[in-house]
There are 2 protein chains.
Amino acid sequence: MSTEIKASQARGRPRCFNLEEALDRSLLLFWQKGFQNTSLDEIAEAVGVKKPSLYAAFGDKEMLFRKVLLRYSGKLSEPVQALDRYDDIREAINAFIELGITSGCSHGHPRGCLLASAFADSTLLPPNLAKEIKALINQADQAVAQRLKKAVRDGQLPADFDVKGAAKFLITLMHGVALRIRAGESRTDLQRIKKAALRCLG
Amino acid sequence: MSTEIKASQARGRPRCFNLEEALDRSLLLFWQKGFQNTSLDEIAEAVGVKKPSLYAAFGDKEMLFRKVLLRYSGKLSEPVQALDRYDDIREAINAFIELGITSGCSHGHPRGCLLASAFADSTLLPPNLAKEIKALINQADQAVAQRLKKAVRDGQLPADFDVKGAAKFLITLMHGVALRIRAGESRTDLQRIKKAALRCLG
DNA sequence: CTAATTATTTACTAATGAGTACAGAAATTA
DNA sequence: TAATTTCTGTACTCATTAGTAAATAATTAG
């Protein structure tokens with residue numbers, strides 16, 4: 001009952017496309033145009049295969065998106081991981097925001113953040129998808145909260161610091177930033193937003 | 001050549017529905033389901049009229065949405081206007097965020113902010129619509145910047161304070177907040193986000 | 001009353017897109 | 001080689017939706 005993706009090396013006709021590659025191409029399309037506005041016809045063409053092959057491999061559109069989302073949230077963790085690379089919490093948060101901006105603006109994929117965009121549209125998506133998206137957002141909130149909690153333990157933040165509130169604040173801000181990035185906001189203006197945000201802990 | 005909306009009291013068969021009311025109903029639907037996911041069939045039904053009447057009255061879907069957006073941005077200004085109701089900049093910003101939360105959560109309309117949601121999807125919309133949305137966001141940025149500039153003049157903020165960056169920061173944050181509201185975030189958690197944000201100027 | 005004007009409805013078109021039935025192709029096993 | 005398994009493409013179905021053509025209804029001007 002697990003939704004495993006395996007290179008079934010068993011018998012029968014072998015698959016003529018790579019599953020991981022197909023997910024990557026789907027990711028780019030979903031990222032660029034969202035769940036609703038990406039058609040399976042498009043994806044099939046991008047993957048170089050016909051629609052029924054996709055259905056056979058991934059189920060329906062929702063299941064495909066779910067797999068893409070999981071794949072994405074693996075890579076996504078970059079900025080959150082950066083939080084743990086600095087002992088000083090301000091440096092850590094600076095790196096967190098910086099990496100969010102950098103990765104959101106970097107080339108080789110659409111601008112912005114697939115998860116933030118999906119979150120924005122979550123009320124329009126199939127309920128199960130919406131739940132999964134919210135769960136991923138929640139994970140992000142909690143990962144940031146963990147790091148802030150450590151900063152409190154380390155005496156870098158006051159003992160009564162609202163860790164959960166601050167974590168949600170940071171993730172919320174980055175959602176807004178992701179929308180700006182997607183809409184084409186300039187790097188320099190994004191930097192200014194970052195600096196303004198950093199006053200919150202300075 | 002202006003896109004005026006007048007109760008043409010001239011001759012010919014009189015219109016059997018109210019234009020403003022039609023815009024209000026359209027607003028609620030677009031707000032709830034976005035531009036792409038709201039069909040003119042739905043709107044026609046909500047207005048109590050057939051599709052061609054809408055086309056005759058408003059042009060096409062894009063023009064209708066444009067008019068809805070203008071109508072909305074009138075009401076939207078509430079939080080921005082609140083900025084001018086307080087002499088102290090911190091109180092002003094507190095009220096700004098508070099009103100954003102309150103109005104985004106209030107009943108009688110969908111949760112969140114039509115403009116923020118539209119902004120999130122702006123890359124998917126017809127180019128002219130996207131431009132108009134960005135222009136409205138820009139207006140908001142500048143309105144906040146104006147108020148911050150005054151605070152600098154009043155000596156409530158340091159002379160080298162980055163007014164434009166802080167303004168963009170606040171609007172960006174509220175976009176993130178609007179997404180959270182839309183996704184069902186609790187009032188108490190939103191308050192905690194607000195308090196975390198207020199540290200930026202405290 | 002007649003003509004002109006404007007709004008409304010019925011009934012379409014054309015395009016798009018999710019999902020599927022089915023037959024054929026490519027491999028493994030016996 | 002024959003049987004079995006699994007994947008692939010062709011060719012659909014069915015639903016939705018933006019937009020329109022054309023006939024009709026309601027009003028004013030003369």
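All figures in this text were calculated on a predicted structure; none of them were measured in a lab. In what follows, chains carry the letters A, B, and so on, assigned in the order in which the sequence lines appear, proteins first and then strands, with residues in each chain numbered from 1.
- Residue A/P14 is in sugar-phosphate contact alone, with no base atom involved, counting any heavy-atom pair closer than 4.0 Å across all strands shown.
- Using the six-membered ring where Trp is involved, B/F30 and B/F65 have ring planes that are perpendicular, over 60° apart on the 30 and 60° scheme.
- Side-chain atoms of A/R15 lie closest to D/dT8 of the nucleotides C/dT28, D/dA21, D/dT8.
- Both B/G12 and B/D41 lie near DNA chain D, and the one whose nearest nucleotide falls closer to the 5' end is B/D41.
- In this structure, A/K164 contributes its side chain and B/D189 its backbone to no donor-acceptor pair below 3.5 Å.
- With rounding to whole Å, B/F58 atom CZ is found 12 Å from C/dA7 atom P.
- Listed nucleotides: C/dG17, D/dG19, D/dA25. Nearest to the side chain of B/L40: D/dG19.
- If you measure from atom CG of A/D60 to atom P of C/dG19, you get 5 Å, rounded to the nearest angstrom.
- When rounded to the nearest whole Å, the span between CD of B/E42 and P of D/dA18 equals 9 Å.
- Among the nucleotides D/dG19, C/dA7, C/dT9, the one closest to any side-chain atom of B/S53 is C/dT9.
- Relative to the side chain of A/K50, the nucleotides D/dA29, C/dT8, D/dT10 differ in distance, and D/dT10 lies closest.
- Minimum atom distance to the side chain of A/P52 is reached by D/dG9, of the listed D/dG9, C/dT8, C/dA18.
- Note on B/K75 versus B/D24: salt bridge recorded, some NZ/NE/NH1/NH2 to OD/OE distance being below 4.0 Å.
- The distance between atom CG of A/L54 and atom P of D/dC7, rounded to the nearest whole Å, is 13 Å.
- When each of D/dT4, D/dC7, C/dT9 is scored by its nearest atom to the side-chain atoms of B/V49, the top-ranked nucleotide is C/dT9.
- Open room surrounds NZ on A/K195; 12 or fewer heavy atoms of other groups in view lie less than 6.0 Å from it.
- One can place CZ of B/F35 at 13 Å from P of D/dT17, the figure rounded to the nearest angstrom.
- Residue B/N37 contributes atom CG, which lies 18 Å from atom P of C/dT16 at whole-angstrom precision.
- Side-chain contact between A/L129 and A/F35 is present, with at least one heavy-atom pair separated by less than 4.5 Å.
- Going from atom CZ of A/F17 over to atom P of D/dT8 covers 5 Å, rounded to whole Å.
- The side chain of B/R11 approaches C/dA4 more closely than any other nucleotide in the set D/dA18, C/dA4, C/dT8.
- Side-chain N/O atoms of A/K61 and base N/O atoms of C/dG19 include no donor-acceptor pair closer than 3.5 Å.
- If you measure from atom NZ of B/K51 to atom P of C/dA11, you get 14 Å, rounded to the nearest angstrom.
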